[in-house]
Amino acid sequence: MEVSLLSLSSSQNLTLKPSTNPLFHFHPSKRSKPPPTHIRAAISRTKKEETVDTVKTHLENCHLIAAIKYKGFTVKQFQDLRRSLPENTKLIVAKNTLVYKAIEGTQWEALKPCMAGMNAWLFVHTEEIPAAIKPYRNFQKEKKLEENDFAGAVFEGKFYAPGDFKALESMPTRAEIYAKLLGALQGPAIGLVGTLQAPARDLLMVLKAYAKKLEDESRQ
């Protein structure tokens with residue numbers, strides 16, 4: 001097999017022309033331009049509206065909202081905390097301004113004193129308030145997050161400052177209230193009078209328990 005060699009003398013110049021073949025046609029890298037300002041503003045506005053709608057959704061059948069100071073939390077800590085919460089308790093992170101926009105004009109507007117700093121928001125969808133708060137207390141103690149305390153809460157339209165949380169955490173459970181009702185109904189009249197003088201929430205649960213007891217007995 002013959003091989004032909006092309007020899008160029010030193011006096012000859014070799015000129016390379018740009019290839020017209022698209023396979024060998026290179027373009028300098030181009031940086032993608034950011035979207036126009038009006039598009040970025042529209043996206044931001046949409047996200048804000050979605051956050052407000054999310055908060056409003058969590059307000060449905062909500063019994064308590066608490067603000068937690070989350071400055072310094074890591075992503076893993078948030079994930080661990082969410083996993084430790086019961087299904088009827090939700091934790092979200094949202095700007096104070098957006099949360100306030102969602103609760104403005106409602107009983108939850110009493111949360112206004114919490115609208116400062118970095119907050120995570122705990123939505124409790126059960127009447128068992130102590131059981132809903134306890135997981136965070138345990139998490140706080142386990143992770144040594146003394147600085148990340150509750151900033152405040154609203155329950156039945158009343159604002160609870162951090163120093164008032166003992167009242168929330170010591171509320172009787174439904175079972176305890178039922179037992180109190182049944183004991184009062186079976187005991188002297190003075191016991192019933194004492195029960196009727198209990199807070200409105202306790203009295204309502206007592207009456208519900210008694211109605212359920214009568215209903216169960218009628219079915220037997």
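Residue numbers run from 1 in the order of the sequence given.
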Taking all heavy atoms of N96 and all of G117, pick out the closest pair and write down the distance.
ND2-O, 2.9 Å
So if you build clusters from Ile, Leu, Val, Met, Phe, Trp, Tyr with side-chain heavy-atom gaps below 4.5 Å, do Y160 and L91 land together?
yes
Does any non-hydrogen side-chain atom of V154 lie less than 4.5 Å from one of L64?
no
Going by heavy atoms in the side chains, are M171 and F155 under 4.5 Å from each other?
yes
Check N148 against Q140 and note the closest heavy-atom contact, atom names and distance.
O-NE2, 3.3 Å
Least distance between heavy atoms, T126 atom then I129 atom:
O-CD1, 3.6 Å
Nearest-0.5 Å distance, CD of residue E142 to OG of residue S84:
8.5 Å
Under 6.0 Å from the NZ atom of K95, do we count more than 12 heavy atoms belonging to anything else shown?
no
Are side-chain heavy atoms of V93 and F78 found at a separation under 4.5 Å?
yes
Less than 4.5 Å apart, side chain to side chain, heavy atoms only: is that true for E50 and K48?
no
Is the shortest distance from a Lys or Arg side-chain nitrogen in R137 or D149 to a carboxylate oxygen in the other one below 4.0 Å?
yes
Please evaluate residues Q77 and Y70 with respect to the criterion side-chain hydrogen bond (donor to acceptor under 3.5 Å, both in side chains), reporting the C-alpha separation (whole Å), side-chain torsions for both, the decisive distance (0.1 Å), and the verdict.
CA-CA 10 Å; Q77 285 175 331; Y70 83 92; over 6 Å; no
Assess whether atom CD of E147 is packed by more than 12 heavy atoms of other residues, nucleotides or ligands within 6.0 Å.
no
Relative to the ring of H125, is the ring of F123 parallel (under 30°), tilted (30 to 60°) or perpendicular (over 60°)?
parallel
Side-chain contact test, heavy atoms from C-beta onward, threshold under 4.5 Å: evaluate it for K69 versus F150 and give yes or no.
no
Closest approach of I65 and L59, non-hydrogen atoms and distance?
CD1-CD2, 3.3 Å
I want to check a possible cation-pi pair here: K134 against Y136, using under 6.0 Å from ring centre and within 45° of the ring axis as the test.
no
Using side chain to side chain contact (heavy atoms under 4.5 Å, CB included), reason through L145 and F139 one step at a time and then give a plain yes or no.
CA-CA 8 Å; L145 301 172; F139 179 83; 3.6 Å; yes
Is it true that, when you exclude E104 itself, more than 12 heavy atoms of the residues, nucleotides or ligands shown sit nearer than 6.0 Å to its CD?
yes
If you round to the nearest 0.5 Å, how far is CD of E49 from CG of L98?
10.5 Å
Using modelled atom types and a 3.5 Å cut-off, is there a donor and acceptor pairing between side-chain atoms of N138 and backbone atoms of P135?
no
For Q107 and G157, work out which heavy atoms get closest and say how close.
OE1-N, 3.2 Å
Side-chain touch M115/I103, heavy atoms, less than 4.5 angstrom:
yes
Nearest heavy-atom pair of L122 and A132: which atoms, and what distance?
CD2-O, 4.4 Å
Verify, without hydrogens or angle tests, whether W121 (side chain) and V99 (backbone) share a donor-acceptor contact under 3.5 angstrom.
no
N61 atom CG, neighbour heavy-atom count above 12 within 6.0 Å
no
Is there a side-chain contact between F73 and M118, using heavy atoms and a 4.5 Å cut-off?
no
Is the backbone N or O of D53 less than 3.5 Å from a side-chain atom of T57, with the two atoms forming a donor-acceptor pair by type?
yes
To the nearest 0.5 Å, what is the distance between OG1 on T89 and NE2 on H58?
11.5 Å
Transitive ILVMFWY side-chain link Y100 to V52, under 4.5 Å:
no
Does the pair D80/R83 count as a salt bridge with the N-to-O cut at 4.0 Å?
yes
Contact check, side chains of S170 and P130, non-hydrogen atoms, under 4.5 Å:
no
